[in-house]
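Working notes, beginning with the structure itself.
A, B, ... follow the sequence lines: proteins, then strands. Residue 1 opens every chain.
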2 protein chains.
Amino acid sequence: MNKSLNLRTRTAGGRPSGRVTMATVGRLAGVSQVTVSRALSDPSKVSPATMQRIQDAIDITGFVPNAVAGALASRRSKLISALVPSLTSSVYASMMQSFSDLMRDNGYELLLSECGFQAETEEKLIAAHLSRRPDAFYLTGIHHTARARQMLIGADIPVVEVWDLTDAPIDICVGFHHREVGWAMADFALEAGYKYAGTVSAGDERALRRRDSFVDRYSARGGTCVGNVSFSDSASVAHGRAGLARLIDEHGFTSGLIACSSDLMAQGILIEAQKRKLSVPDQIAVLGFGDQDFAAYLEPALTTIRVDRPALGTSAAQAILKRLHGGSREQSRVDIGFQLIRRESA
Amino acid sequence: MNKSLNLRTRTAGGRPSGRVTMATVGRLAGVSQVTVSRALSDPSKVSPATMQRIQDAIDITGFVPNAVAGALASRRSKLISALVPSLTSSVYASMMQSFSDLMRDNGYELLLSECGFQAETEEKLIAAHLSRRPDAFYLTGIHHTARARQMLIGADIPVVEVWDLTDAPIDICVGFHHREVGWAMADFALEAGYKYAGTVSAGDERALRRRDSFVDRYSARGGTCVGNVSFSDSASVAHGRAGLARLIDEHGFTSGLIACSSDLMAQGILIEAQKRKLSVPDQIAVLGFGDQDFAAYLEPALTTIRVDRPALGTSAAQAILKRLHGGSREQSRVDIGFQLIRRESA
DNA sequence: TTGAAAGCGCTAACAA
DNA sequence: TTGTTAGCGCTTTCAA
């Protein structure tokens with residue numbers, strides 16, 4: 001009684017619950033510190049009566065367990081590091097969402113940083129994150145510096161590379177072949193009867209790879225590629241509009257299909273076409289990438305490549321969890337595929 | 001020489017650098033463990049020759065400092081907890097970006113979770129985050145459960161509440177008055193000559209607060225509010241389209257201004273209007289909120305409320321850093337304001 | 001079912 | 001400039 005009063009006073013005062021430890025709780029409940037630890041990690045290992053007293057003590061003190069100490073002692077941080085190129089791009093965000101949901105359901109929190117599109121920036125962040133001893137690592141893409149790979153391998157934790165596929169993953173990789181996306185877009189363009197095409201792309205490496213394979217296949221099968229416009233930074237509606245303008249004004253594009261690196265670019269093209277009173281898809285056909293939320297609700301509705309982002313996130317999380325719990329050791333590769341969704345814009 | 005060889009062998013082998021500690025590095029460099037710690041935290045406290053040997057030892061071993069142990073010993077985790085309603089909404093993401101950039105420049109990493117729009121979910125996440133002993137806490141909005149406030153106050157760390165303003169912040173708060181936004185929208189509508197108005201909103205509390213103050217002011221000053229449509233979840237283009245449809249079909253809206261809870265909604269309305277061949281802004285005027293990237297590039301360009309999201313993020317970070325370094329104790333409140341940007345849609 | 005003892009890998013005094 | 005000594009608050013054996 002007296003004790004609890006003391007504790008309440010402290011809680012009301014200056015530096016409170018931060019100082020409450022398992023030892024404090026144990027003292028109040030009349031048990032040792034270890035018993036408190038057990039009660040929290042596995043209640044079945046503690047008698048119901050003891051459990052109750054501990055619970056009361058926790059309520060009184062407002063005890064919040066110190067996961068830092070726990071992590072140091074157990075060598076498990078319950079933290080997952082994640083590096084994404086951009087927080088603002090809803091493409092990455094929407095897959096991150098399903099990834100983190102599943103992780104959190106299993107007791108893991110996310111240490112998230114934005115790494116941009118440069119491997120050197122990523123390398124520094126990997127070092128910073130590894131010092132926090134995450135239990136697993138999420139990376140976007142398959143291109144990393146040699147030192148980054150080395151550090152990651154040295155850390156001896158599950159590493160998942162998402163959004164792309166390679167024969168030599170660091171550990172696990174979940175994604176799809178961007179080259180095949182380009183091919184599918186080219187085949188579609190040809191089969192739909194578009195003899196002329198242009199491309200508008202953002203500056204990231206995967207987008208450029210899709211574009212290159214599109215152009216190769218399209219040309220190889222007899223299409224005429226009128227011009228390629230690319231921007232060094234991320235996709236945006238503004239770039240989409242400027243992209244169509246440049247295709248027309250600088251490359252003499254008059255009609256045909258435009259293959260975009262993302263739905264956002266495609267949206268910009270739709271708007272610029274509308275402004276210039278060019279009919280879509282008759283004069284200008286537009287093919288997006290991503291099948292973002294808005295794609296089906298544009299006017300005309302966007303024909304695009306759908307990537308199942310929730311599945312991407314879920315698969316990545318499942319692969320990590322399997323390693324973490326099950327403990328399987330073999331490298332794994334999951335091809336999530338993609339799908340061309342034909343709507344009205346092409 | 002021998003030692004370094006041993007270490008290399010271990011690194012190539014099974015469980016490597018994870019086991020390398022400051023003690024290992026020190027042994028290799030011929031100094032004690034503390035000297036390694038000093039060399040890393042403040043090189044000026046160590047002689048250049050020693051520094052060099054330590055650096056070599058680090059390179060050879062691939063040593064990655066254990067920040068978990070560091071945090072436990074120093075009681076500073078260099079971690080900032082952040083809870084945002086949604087990762088996919090670029091509105092929150094773009095402010096988080098500037099927040100995290102500034103934090104990272106000062107050596108802090110982000111523990112980020114999505115908390116949705118319910119205070120109960122948030123409460124659980126707050127508890128989980130606090131157990132990791134973050135050095136500061138970032139919250140979205142000012143509505144939290146009593147227990148959440150209590151835990152946060154008990155943690156005795158800087159807490160910043162962003163996106164809204166209140167007279168009773170937990171600690172620091174940075175935002176603007178949503179009520180004033182509604183008033184500004186109403187005043188604009190009236191002064192621009194729109195006698196009829198409708199609203200389309202997402203389900204979050206701040207959006208609803210803006211809408212309510214819009215409706216109050218607009219009606220009070222003589223405008224006629226034809227109808228309000230709201231959705232229980234987040235804003236989207238699809239909801240924008242459906243919103244206009246419902247305003248017209250269910251509320252008999254024929255002409256006037258539509259005040260939206262976000263630019264995304266506004267965009268949907270623009271598209272639906274185009275589809276229905278209603279001219280904007282002549283028959284239907286549209287007023288957005290947020291001034292997102294795309295707003296200026298829609299057709300017609302969107303008239304909207306600009307909130308300086310980078311400034312929001314930077315201010316929040318600066319306030320935290322000031323507390324963390326300077327150590328000032330007084331509560332602070334920063335009104336970041338907002339601005340109506342008139343373009344073509346209204 | 002419970003407890004005692006020994007660390008986890010660092011930082012923070014205090015000495016030398 | 002460097003080292004010694006104590007912890008930080010937990011988890012992990014190992015005993016009782």
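Listed pair Ser47(A) / dT1(C) fails the phosphate criterion, with no side-chain N or O lying under 4.0 Å from OP1 or OP2.
Side-chain contact annotation: Gln97(A) with Asp101(A), donor-acceptor N/O pair under 3.5 Å absent. At a cut-off of 3.5 Å, with distance as the only test, a side-chain donor of Glu109(A) or Ser113(B) sits close to an acceptor on the other residue. When only modelled atom types and interatomic distance are considered, His143(B) and Glu122(B) share no side-chain donor-acceptor pair under 3.5 Å.
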Steps toward side chain to side chain donor-acceptor pair (under 3.5 Å) verdict (Ser77(B), Arg133(B)): CA-CA 6 Å; Ser77(B) 64; Arg133(B) 297 297 187 265; over 6 Å; no
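Side chain of Arg76(B), nearest nucleotide from dT2(D), dT11(D), dT11(C): dT11(C). Comparing atom distances between the Arg75(A) side chain and each of dG3(D), dG3(C), dG9(C) picks out dG9(C) as nearest. Checked against dT12(D), dT1(D), dG3(D), the side chain of Thr35(B) finds its nearest nucleotide in dG3(D).
Taking atom CZ of residue Arg132(A) and atom P of nucleotide dC8(C), one finds them 22 Å apart after rounding to whole Å. The CG-P distance, from Asp135(A) to dT11(D), rounds to 14 Å in whole Å. Leu40(A) has its CG atom 16 Å from the P atom of dG9(D), to the nearest Å. The separation between Lys45(B) atom NZ and dA15(C) atom C1' is 15 Å, rounded to whole Å. One interatomic measurement links the two molecules: CD of Gln52(B) to C1' of dT2(D), which rounds to 18 Å at whole-angstrom precision. Here the C1' atom of nucleotide dC10(C) and the CZ atom of Arg19(B) are 14 Å apart, to the nearest Å. In this structure, Arg38(A) places its CZ atom 20 Å from P of dG9(D), rounding to the nearest Å. Here dC10(D) presents its P atom at 13 Å from CD1 of Ile54(A), a figure rounded to the nearest Å.
By the 4.5 Å heavy-atom criterion applied to side chains, Val334(B) and Gln318(B) are not counted as neighbours. In this structure, Ile153(B) and Asp171(B) have side chains that are not in contact, with every pair of non-hydrogen atoms separated by 4.5 Å or more.
Ring-plane geometry between Tyr92(B) and Trp163(B) is classed as perpendicular, the angle between the planes exceeding 60 degrees on a 0 to 90 degree scale with a lower cut at 30.
Every side-chain contact (heavy atoms from CB on, under 4.5 Å) that Thr145(A) has, sequence neighbours left out, goes to Ala119(A), Glu120(A), Glu123(A), Arg147(A), Ala148(A).
Summary of the strand contacts: Pro48(A) and Gln33(A) both lie near DNA chain C, and taking for each the nucleotide with the nearest heavy atom, the more 5' one is attributed to Pro48(A).
No donor-acceptor pair closer than 3.5 Å links the side chain of Asp135(A) to the backbone N or O of Ile80(A).
Note on Thr50(B): only backbone sugar-phosphate atoms sit closer than 4.0 angstrom, heavy atoms only; bases stay farther off.
Direction change of the helix axis from one end of the helix from dT1(C)-dA16(D) to dA16(C)-dT1(D) to the other is 30°, with five pairs defining each end axis (rounded to 10°).
The stretch residues 65-74 of chain A comes close to DNA chain C through Leu72(A), Ala73(A), each having a heavy atom under 4.0 Å from the strand.
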